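Notes follow once the structure below has been shown.
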Amino acid sequence: MTDTKINDIRKAELLSKQVKHIDIKSFDARPIVDAMSDMSFTSRDLGRATKIYNQMLGDKDCTVVLVIAGSTSAGGCMDLYAELVRNNMVDVIVATGATIVDMDFFEGLGHKHYQALEVPDDDTLRSLYIDRIYDTYIDEEQLQDCDHTIYEICNQVEPKAYSSRAFIREMGKYLVEHGKKENSLVKLAYEHDVPIFCPAFVDSSAGFGLVKHQVDRANEGKPYLMIDAVADFRELTDIKIKAGTTGLLMIGGGVPKNFIQDTVVCAEILGHEDVEVHKYAVQITVADVRDGACSSSTLQEAASWGKVNTGIEQMVFAEAGSVMPLLASDAYHRGLWKDRPTRKWATLFDTK
């Protein structure tokens, strides 16, 4: 048997168990969340966080912003986030490029994430073209297909400056025409006019396709597409100014968290001194508060910067994949989303 054949067999063994994304409609978390609310420690925090999220959904003036950092999409929460969009439970998304491109768009193309049944030496994984996220595997060859698809989209659209929101909308349009998964966050956001912002968009699989597009076009003496990060900030601030009341549901922290919180300050600098701080805020994180990092900075700390209301906020120090299904299922089954107005913030930029 050839080495290539042996490697193919070994790779197939390691990529044999797909990650199954949780369905928040298939179970009713209300009883357990209610029970946890009467407990202490993280259980109590989750109960209060869930109540705050339901307050956001029940407040008809509130625009809900879903903020995602980390790898929960790869770990099994991908359909959860899609259902929030499908059922009008979020109005805007701010996320890492990895969440949107390497995970969701990647699966929208028909690829999968896999559970690691074992974790062999990472050099062995590299030799088999398998990428690892803790105990989750990705086929690098499939990820390169994702890179190439971004390159194809770049070559098909008008060569100009795009905010990440505008380019991700093109990705959603592509999935409507060519995608292989109905429950894609990128696809559903396009269909429901929910804008997605990735403030560090190039720090993802998209970056490889964008770089190749620019280099090839430059070598051919042709104009090329660019990502305008300033436009991201301006557009998201435009939404904050027009939305008025806002609530944040944040998974993880980092750049997406800081980016959405900074819209309050940016609006003030633009002369909108009457802009509201974010009225509601929930953050789920495992980061330690003692190192001063953005991911771990508490919502109380954000209040000192004039970004968040201290009255209706909750930190939940837990791994998000273990608590988000409970929070989202509870909110889905309470049904406050059924009476929410549809905001379609993506249409704000249709004429620009």
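For clarity, every value in this text was computed on a predicted model and none was experimentally measured.
Take E140 and apply the salt bridge (Lys or Arg N to Asp or Glu O under 4.0 Å) test, not counting sequence neighbours, and it matches no residue. By the salt bridge (Lys or Arg N to Asp or Glu O under 4.0 Å) test, K181 is found to be paired with D79, E107, residues two or more places apart in sequence or in another chain being considered. By the salt bridge (Lys or Arg N to Asp or Glu O under 4.0 Å) test, D102 is found to be paired with no residue, residues two or more places apart in sequence or in another chain being considered. D147 is linked by a salt bridge (Lys or Arg N to Asp or Glu O under 4.0 Å) to nothing, counting only residues two or more places apart in sequence or in another chain. For S43, the side chain to side chain contact (heavy atoms under 4.5 Å, CB included) partners two or more places apart in sequence, or in a different chain, are M36, M39. Legend: residues meeting side chain to side chain contact (heavy atoms under 4.5 Å, CB included) with A69, ordered by chain and number and at least two apart, are T96, P256. Applying the ring pair (Phe, Tyr, Trp, His ring centres under 6.0 Å) criterion to H111, with sequence neighbours excluded, gives F106. Y190 is linked by a ring pair (Phe, Tyr, Trp, His ring centres under 6.0 Å) to nothing, counting only residues two or more places apart in sequence or in another chain.
Salt-bridge formation is detected for the pair E182/K187: a Lys NZ or Arg NE/NH1/NH2 atom is positioned less than 4.0 Å from an Asp or Glu carboxylate oxygen. Ion pairing between D139 and K11 holds under the 4.0 Å rule for side-chain N and carboxylate O. Ionic pairing of K242 and D91 is not present here: no N-O contact between side-chain nitrogen and carboxylate oxygen is shorter than 4.0 angstrom.
The side-chain heavy atoms of I260 and H278, taken from C-beta on, include a pair separated by under 4.5 Å. A 4.5 Å side-chain heavy-atom check between F105 and I153 finds at least one atom pair inside the cut-off. By the 4.5 Å heavy-atom criterion applied to side chains, I150 and S205 are not counted as neighbours.
For the pair R126 and Y129, the distance from NZ or CZ to the six-membered ring centre is under 6.0 Å and the angle to the ring normal is within 45 degrees. Note that K222 lies outside the cation-pi zone of Y224, set by a 6.0 Å cut-off to the ring centre and a 45° limit from the axis.
For K180, the NZ atom sits in a loose shell: 12 or fewer heavy atoms of surrounding residues, nucleotides or ligands are nearer than 6.0 Å. Counted within 6.0 Å of CD on E220, heavy atoms from surrounding residues, nucleotides or ligands total more than 12; the atom is thus considered enclosed. A 6.0 Å sphere centred on CG of D135 holds more than 12 heavy atoms belonging to other residues, nucleotides or ligands.
Relative ring orientation between F259 and F233 is described as tilted, the plane-to-plane angle lying within the 30° to 60° band.
A salt bridge (charged side-chain N to carboxylate O under 4.0 Å, His left out) check over residues 53-75, counting only residues at least two apart or in different chains, returns the pairs D59-K279. For the salt bridge (charged side-chain N to carboxylate O under 4.0 Å, His left out) condition, the pairs that include at least one residue of residues 164-176, sequence neighbours left out, are R165-E235, R169-D193. Screening residues 41-52 for salt bridge (charged side-chain N to carboxylate O under 4.0 Å, His left out), with sequence neighbours left out, gives no hits.
A donor atom on one side chain and an acceptor atom on the other are found under 3.5 Å apart for E152 and H148. Side-chain contact check for S184 and D104: at least one donor-acceptor pair (N or O, by modelled atom type) lies under 3.5 Å.
Y114 and V19 are not part of a single hydrophobic cluster, where members link through side-chain heavy atoms under 4.5 Å apart. Criterion: ILVMFWY side-chain heavy atoms under 4.5 Å apart, direct or through other members. Under it, M78 and I251 are not part of a common hydrophobic cluster. Under the 4.5 Å side-chain heavy-atom criterion for grouping Ile, Leu, Val, Met, Phe, Trp and Tyr, V90 is connected to Y280 within one hydrophobic cluster. Note on M103 and F201: separate hydrophobic clusters, where clusters join Ile, Leu, Val, Met, Phe, Trp and Tyr whose side-chain heavy atoms are under 4.5 Å apart, directly or indirectly.
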Could you pull out every donor-acceptor pair under 3.5 Å between side chains of residues 25-33 and any protein atom, sequence neighbours left out?
{"from": "K25", "atom 1": "NZ", "to": "D23", "atom 2": "OD1", "distance (Å)": "3.2"}
{"from": "K25", "atom 1": "NZ", "to": "E83", "atom 2": "OE2", "distance (Å)": "3.1"}
{"from": "S26", "atom 1": "OG", "to": "D23", "atom 2": "O", "distance (Å)": "2.7"}
{"from": "D28", "atom 1": "OD1", "to": "R30", "atom 2": "N", "distance (Å)": "3.0"}
{"from": "D28", "atom 1": "OD1", "to": "R30", "atom 2": "NE", "distance (Å)": "3.0"}
{"from": "D28", "atom 1": "OD2", "to": "R30", "atom 2": "NE", "distance (Å)": "3.1"}
{"from": "D28", "atom 1": "OD2", "to": "R30", "atom 2": "NH2", "distance (Å)": "2.6"}
{"from": "R30", "atom 1": "NH1", "to": "H333", "atom 2": "O", "distance (Å)": "3.3"}

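A distance-only check finds no donor-acceptor pair linking the side chain of R334 to the backbone of N54 [under 3.5 Å]. At distances below 3.5 Å, at least one donor-acceptor pair connects side-chain atoms of S329 with backbone N or O atoms of I24. The backbone N or O of M89 lies less than 3.5 Å from no partner atom in the side chain of N87, so there is not a single donor-acceptor pair. At least one donor-acceptor pair closer than 3.5 Å links the side chain of Q214 to the backbone N or O of L225. Between the W337 side chain and the Y332 main chain, a donor and an acceptor come within less than 3.5 Å of each other. A side-chain donor-acceptor contact under 3.5 Å links D232 to the backbone of S164. In this structure, H272 contributes its side chain and I241 its backbone to no donor-acceptor pair below 3.5 Å. Judged by distance alone, the side chain of R86 and the main-chain N or O of H192 form no donor-acceptor pair under 3.5 Å. In this structure, D330 contributes its side chain and T50 its backbone to no donor-acceptor pair below 3.5 Å. Q283 places no side-chain N or O within 3.5 Å of a backbone atom of L249 that could act as its donor or acceptor partner.
Screening V65, V67, T285, L66 for a side chain to side chain contact (heavy atoms under 4.5 Å, CB included) with M250, the sole residue that qualifies is V67.
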